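All values derive from a computational prediction rather than experimental measurement. Both counts, for ligands and for their atoms, begin at 1 and track the order of listing. Numbers here are sequence positions counted from 1.
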Amino acid sequence: MNKTTRRGYALIPVILAFLAGTVILIFQFAVHGAAWSSNRANAHLFKSGSLSTAGTIFDTTGKTLAKTVNGKRVFNNSRAVRKATLHVVGDPLGMISTGAHAAYKSKLSGYSFIDGIYSIQKYGRGNDLTLAVSADACAAAWNALGGYNGAVGVFNYKTGALLCSVSAPSFDVNDPPSDPNKLDGVYLNRLFSGVYTPGSTMKIVTALCALENIPDIESRTFTCTGRMQVGGGEVVCMGTHGEIGFQKALNKSCNCAFAQIAQLLGPEKLMATAQSLGFNLPIKTDGIQLAISSFDVRRADALGLSWAGVGQYDTLVNPCHMMMIAGAIAAGGQGVQPYVIRSMQSPSGVTIYKAMTRNSQIVIPAANAQKLRQMLRTNVTEQYGDSRFPNLQMCGKTGTAELDGKTSHSWFVGFSMRDDLPLAVVVVAENAGSGAGVAMNTANAVMQSLLYNKIR
Ligand SMILES: [Zn+2]
């Protein structure tokens, strides 16, 4: 072996180390490149800490929600729209982590793994995003909430388009409060990141579990005397319903009947159904992680299990998740994921991304989805009244989530049965009292806006 060859062998470990380093660097770049390039320190994208060269953000009808003018972000000219869309559009500093300005920063900036920030250097600006939301529908929902904190969501349960995403409290991005932290969790989009006691909206889950596990549930009757002794305590009903069947028990939201149903089912079956609907599981929607809904009755005693069956106990539900469950029922069993971005256009005007319909992990056997659809329809026709939802053919369930020492949260979750209006809606109004009040009125207001403006 001559000297040269020996030297060559000696170099092999060095070459291998170099290659390994290159592989790691490429990997790191692929994983973190988007974040590095849109880091606030990068002067190409940010000016004085603000996202200054991002593309325009449109609503689904082409209304401008945010754009860059002379290096500054300029927002929609209606104050109501600015407040209603704050959480879905986001703020220029990216404090609202699920808003488009933060969650889709690399898309807006035009970053791509292949050519880095090339499009910024060539065109001076990033990609444009068209969101699925309607500015008008968001404003209608915002106004109907009437100052209550909470969340409103509407999505197309066939395509997944998220047409309304509103969270309150909010602020006007043009006139931010001096100390936003004083506003109760103002940077949180409660639709994606909030969890609430579900109250009677949870009876949808208990009802599904009953359909799955009690063959003669539809012909059974239960007795409600207004209160029921369980273990060492009691379950209280809002009324005294006497002998009551399964469907009527849902229509009247009878706590005594649903507590008895929960006891018939037991903890394992209730947890299995909840899990099949996405409880205790991470759910992502368009890259945004929803707060996990939790349902755990493994250690519940008989009283705890009874309260869990009517949506009290320590169950917590994310509003967007609840909307997705309603959507799966409406769609006949297979749920779809809501999407935030409808399309993306490059600076040269080419559509480089279009939303696709994706199934969610929520699946309900078709026969039971159909039965639940009918039952939720009778809630409106028999109990709330179609006059509360003109022309909508609504199905749904209210919830009045009781809280220790505070006014209840007002919930409504439902969907339209109209073939030309495949929309599901969720509303939570914090400490607003009965679900038949603010939540139901807000659900109607946002659905009417979408119906009137023919937005799907
Ligand atoms: Zn009752």
**Message:** Donor-acceptor pair, distance only, cut-off 3.5 Å: does the side chain of Thr400 make one with the backbone of Gly435?
**Reply:** yes
**Metal site the Zn ion (ligand 1): N/O/S of Cys256 inside 2.8 Å** = no
**Request:** Kindly give the atom name of the N, O or S atom of His241 closest to the Zn ion (ligand 1).
**Result:** ND1
**Asked** At the Zn ion (ligand 1), what angle lies between atom SG of Cys237 and atom SG of Cys254, rounded to 10 degrees?
**Response** 110°
**Request:** Answer yes when Arg299 and Asp314 have at least one side-chain N-carboxylate O distance shorter than 4.0 Å, and no when they do not.
**Result:** no
**Message:** Strictly below 4.0 Å, N to O, side chains only: are Asp59 and Arg342 in salt-bridge contact?
**Reply:** no
**Request:** Look only at the side chain of Arg456 and the backbone of Asn156, and say whether a donor-acceptor pair between them is shorter than 3.5 Å.
**Result:** no
